[in-house]
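For reference, the structure discussed in these notes is given below.
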Amino acid sequence: MNLLKQRREELQLTQRQVAERAEMSTHTYQSYEMGLRVPNVYAAIRIANALNTLPHKVFINNCNITHDCSQEKRGCKNERTNSKKSVSL
């Protein structure tokens with residue numbers, strides 16, 4: 001389940017109530033909750049405050065971070081290797 005939705009439901013709030021507390025439109029909040037858009041840092045902080053939590057608790061899934069980071073590191077190494085080869089040619 002989406003962490004934003006899960007937290008909102010724990011607090012028994014509607015999307016509209018969270019949006020009002022976060023000072024944004026309901027449509028904008030819905031797009032974040034549905035994963036259609038990613039909020040900037042300021043919006044993420046406002047949403048977390050509206051949900052009485054910290055941003056990393058509703059926007060970050062620890063399992064995916066470890067996996068994504070390891071994938072990014074592999075990608076970065078490959079890109080660096082490739083770019084060094086192309087520069088030396």
### Query
How far does CG of L51 sit from CG of L13, to the nearest 0.5 angstrom?
7.0 Å
### Query
Can you tell if the side chain of L4 reaches within under 4.5 Å of the side chain of F59, non-hydrogen atoms only?
yes
### Message
Less than 4.5 Å apart, side chain to side chain, heavy atoms only: is that true for M24 and I47?
### Response
yes
### Message
List the residues meeting salt bridge (Lys or Arg N to Asp or Glu O under 4.0 Å) with R7, not counting sequence neighbours, and say none if there are none.
### Response
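Listed in chain order: E10.
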### Task
Report the residues that fulfil salt bridge (Lys or Arg N to Asp or Glu O under 4.0 Å) with R16, sequence neighbours left out, ordered by chain and then residue number.
E20
## Note on the structure
Between A48 and P55, the two heavy atoms sitting closest are CB-N, 3.5 Å
### Task
Considering non-hydrogen atoms only, spot the tightest contact between A44 and P39 and give its length.
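Closest approach of A44 to P39: N-CB, 4.0 Å.
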#### Entry: Where at least one partner belongs to residues 38-50, residue pairs that pass salt bridge (charged side-chain N to carboxylate O under 4.0 Å, His left out), sequence neighbours excluded
none
### Task
Identify whether V58 and L11 are in the same connected component of the hydrophobic contact network (ILVMFWY, side-chain heavy atoms under 4.5 Å).
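They do share one cluster, since a chain of ILVMFWY contacts under 4.5 Å joins V58 to L11.
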### Message
Could you list the cluster mates of M34? Members are the ILVMFWY residues connected by side-chain heavy atoms closer than 4.5 Å, either directly or through other members.
### Response
L36
### Those residues that, when tested against T26, pass side-chain hydrogen bond (donor to acceptor under 3.5 Å, both in side chains) (two or more places apart)
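Here no residue qualifies.
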### Message
According to side-chain hydrogen bond (donor to acceptor under 3.5 Å, both in side chains), does anything in residues 30-45 pair up with another residue at least two apart or in another chain? List the pairs.
### Response
R8-E33, Q15-Q30, Q15-E33, Y29-E33
